[in-house]
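Proteins come first, then strands; the chains are lettered A, B, ... in the order of their sequence lines, and each starts at number 1.
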Number of protein chains: 2
Amino acid sequence: MERNNSSKASRWDELATDWCPVARALSVIGDRWTMLIIRDCFLGKSRFEEFQTSLGVTRHVLSDRLKRLVERGVLERNAYSQRPLRYEYRLSDKGRDFAPALVGLKDWGKKHMPVRKPAAV
Amino acid sequence: MERNNSSKASRWDELATDWCPVARALSVIGDRWTMLIIRDCFLGKSRFEEFQTSLGVTRHVLSDRLKRLVERGVLERNAYSQRPLRYEYRLSDKGRDFAPALVGLKDWGKKHMPVRKPAAV
DNA sequence: AGCGTAGGTTCCATTTGTGAACGGAGAATT
DNA sequence: AATTCTCCGTTCACAAATGGAACCTACGCT
């Protein structure tokens, strides 16, 4: 499905080589769900099932995103169990460097998207 | 196409009311192209054609994004010409508050996505 | 043997994005 | 006055991404 390397490039996936560093950053984390996976990593989550239940994203989109993030060096994939072979995903230094951007988004969300409480009846 | 308000909600468009402020921010700017439109606004661009040629996004996706950003108060739409009635899109205060997040992305892109120059032959 | 769990993959329907053409309204050119 | 140009979109057919559910593998538990 995703990751078919034979297709012609659309403008979106030319962003990785754009002149603008913001565009290049978005080529890595500009897809749906990706930034939220990174947020979950900052919150200490590391396993497939954790991300899946936390985000409600479908499993194969999650699978695709994790694969891309590992390919691009934002996450590292390590076996946390050998006998049932199981992997966890952890932020690399490159991934941890998203902290300032994430904080920027957090501050904006807090200020401009207040949680709507049900009207007290 | 987009903006049909009768459809059932998927997880993605429930983000606007998520407990996490990062998720709420992403519900506004987490779509493809949206953050790049905001970047262009910071760079002084304000008109439909400017965004379109700068980004290479298709016209009706651009049209959709601008509409959403105005609806959500990130951009303001003002007539800049009366006789051919034409509009421009400018950042509101709410939109300008994306500056820190944008800077975070810029710094990450500069550090971790260096521009590949063609090998000097 | 049968069930549960973690981490995926596969299938199909729906939604979103792309690419190109079309439209309208006024401006500028011939 | 007719044609062309510019700006800001809309519409259409097709391709790609996403959603939702089922399935699979390998192991552990009872």
Side-chain angles (χ1 to χ4, degrees), chain A residues 1-15 26-27 29-37 40-41 45-71 75-90, chain B residues 1-15 26-27 29-37 40 45-71 75 77-90:
Chain A
M1 174 206 185
E2 285 111 326
R3 306 301 75 226
N4 70 343
N5 37 6
S6 67
S7 71
K8 64 196 68 167
S10 78
R11 311 263 183 183
W12 179 258
D13 33 51
E14 285 164 13
L15 290 185
L26 287 170
S27 78
I29 50 81
D31 283 305
R32 273 190 177 186
W33 303 112
T34 305
M35 203 64 179
L36 289 174
I37 293 171
D40 272 4
C41 290
K45 298 193 169 71
S46 68
R47 285 145 62 158
F48 194 94
E49 294 294 320
E50 285 181 300
F51 298 128
Q52 209 274 313
T53 62
S54 154
L55 301 177
V57 61
T58 58
R59 306 177 74 81
H60 86 287
V61 168
L62 175 58
S63 172
D64 176 70
R65 294 298 186 271
L66 291 172
K67 218 167 287 176
R68 293 167 75 113
L69 287 170
V70 170
E71 274 173 16
L75 298 183
E76 288 164 359
R77 179 174 177 264
N78 311 106
Y80 70 88
S81 153
Q82 283 306 334
R83 292 314 336 291
L85 188 51
R86 301 267 160 81
Y87 296 96
E88 62 172 10
Y89 299 86
R90 297 280 186 191
Chain B
M1 172 201 184
E2 285 110 328
R3 305 302 75 228
N4 71 344
N5 38 6
S6 67
S7 73
K8 66 196 65 167
S10 80
R11 311 264 183 184
W12 179 259
D13 35 49
E14 287 164 14
L15 289 184
L26 288 169
S27 78
I29 50 80
D31 283 305
R32 274 190 174 184
W33 303 112
T34 305
M35 203 64 177
L36 289 174
I37 292 171
D40 272 4
K45 298 193 169 70
S46 67
R47 285 147 62 159
F48 194 92
E49 293 296 317
E50 286 180 301
F51 298 127
Q52 210 275 314
T53 63
S54 154
L55 301 177
V57 61
T58 57
R59 307 176 73 80
H60 91 287
V61 167
L62 175 57
S63 172
D64 176 70
R65 296 296 186 272
L66 291 172
K67 218 168 286 178
R68 294 167 73 112
L69 287 170
V70 170
E71 275 172 16
L75 298 183
R77 180 175 178 264
N78 311 106
Y80 70 89
S81 153
Q82 283 305 334
R83 291 317 331 292
L85 187 52
R86 301 268 159 81
Y87 296 96
E88 62 173 10
Y89 299 86
R90 296 280 185 191

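The nearest whole Å value for the distance from the CD atom in E49(A) to the C1' atom in dT9(C) is 14 Å. As a whole-Å value, the separation of Y87(A) OH from dA6(C) C1' is 13 Å. Between the CZ atom of F48(B) and the C1' atom of dC8(D) there is a distance of 6 Å, rounded to whole Å. E88(B) places its CD atom 14 Å from the C1' atom of dC7(D), with the value rounded to the nearest Å. For the pair D31(A) CG and dG19(D) P, the computed distance is 11 Å after rounding to whole Å. Protein atom CD of Q82(B) is 18 Å distant from nucleotide atom P of dC7(D), rounded to whole Å. For the pair L85(B) CG and dA27(C) P, the interatomic distance rounds to 12 Å; values are reported in whole Å. Between H60(B) atom NE2 and dC14(D) atom C1' there is a gap of 12 Å when expressed in whole angstrom units.
Here W12(B) does not reach the OP1 or OP2 of dT14(C): none of its side-chain N or O atoms lies under 4.0 Å away. Within the structure, a side-chain polar atom (N or O) of R65(B) is placed less than 4.0 Å from OP1 or OP2 of dG17(C). Residue K67(B) places at least one side-chain N or O closer than 4.0 Å to OP1 or OP2 of dT10(D).
Below the 3.5 angstrom threshold, one finds no donor paired with an acceptor across the side chain of R86(A) and the base of dG7(C). Side-chain N/O atoms of R59(A) and base N/O atoms of dG7(C) include a donor-acceptor pair closer than 3.5 Å.
Salt bridge E49(B)/R59(B): present, at least one basic N to carboxylate O contact under 4.0 Å.
Remark on DNA chain D: of its neighbouring residues R77(B) and P84(A), the 5'-side contact belongs to R77(B), judged by nearest-heavy-atom nucleotide.
The listed nucleotides are dG19(D), dA17(D), dT10(D); the one nearest the side chain of V57(A) is dG19(D). Across dG7(C), dC7(D), dT9(C), the shortest atom-to-atom separation from the side chain of S63(A) is found for dT9(C). Out of dT18(C), dC8(D), dG20(D), the shortest distance to the side chain of R11(B) is found at dG20(D). Taking the side chain of R32(A) as heavy atoms from C-beta on, and the options dG9(D), dT18(C), dG19(D), the nearest nucleotide is dG19(D).
No engagement by F51(A) is indicated, since no non-hydrogen atom pair under 4.0 Å with the nucleic acid exists. Backbone-only contact: Y89(A) has heavy atoms under 4.0 Å from sugar-phosphate atoms and none from a base. Backbone-only contact: R83(B) has heavy atoms under 4.0 Å from sugar-phosphate atoms and none from a base.
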List the steps, then state whether side-chain contact (heavy atoms from CB on, under 4.5 Å) holds for W33(B) with V61(B). CA-CA 9 Å; W33(B) 303 112; V61(B) 167; 3.9 Å; yes
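A 4.5 Å side-chain heavy-atom check between T34(A) and R68(A) finds every atom pair outside the cut-off. Within the 4.5 Å cutoff, the side chain of L36(B) has heavy atoms near those of the L15(A) side chain.
Checking side-chain atoms of Q52(B) against main-chain N and O of V57(B) turns up a donor-acceptor pair under 3.5 Å. R65(A) contributes a side-chain N or O that, together with a main-chain N or O of R32(A), makes up a donor-acceptor pair within less than 3.5 Å.
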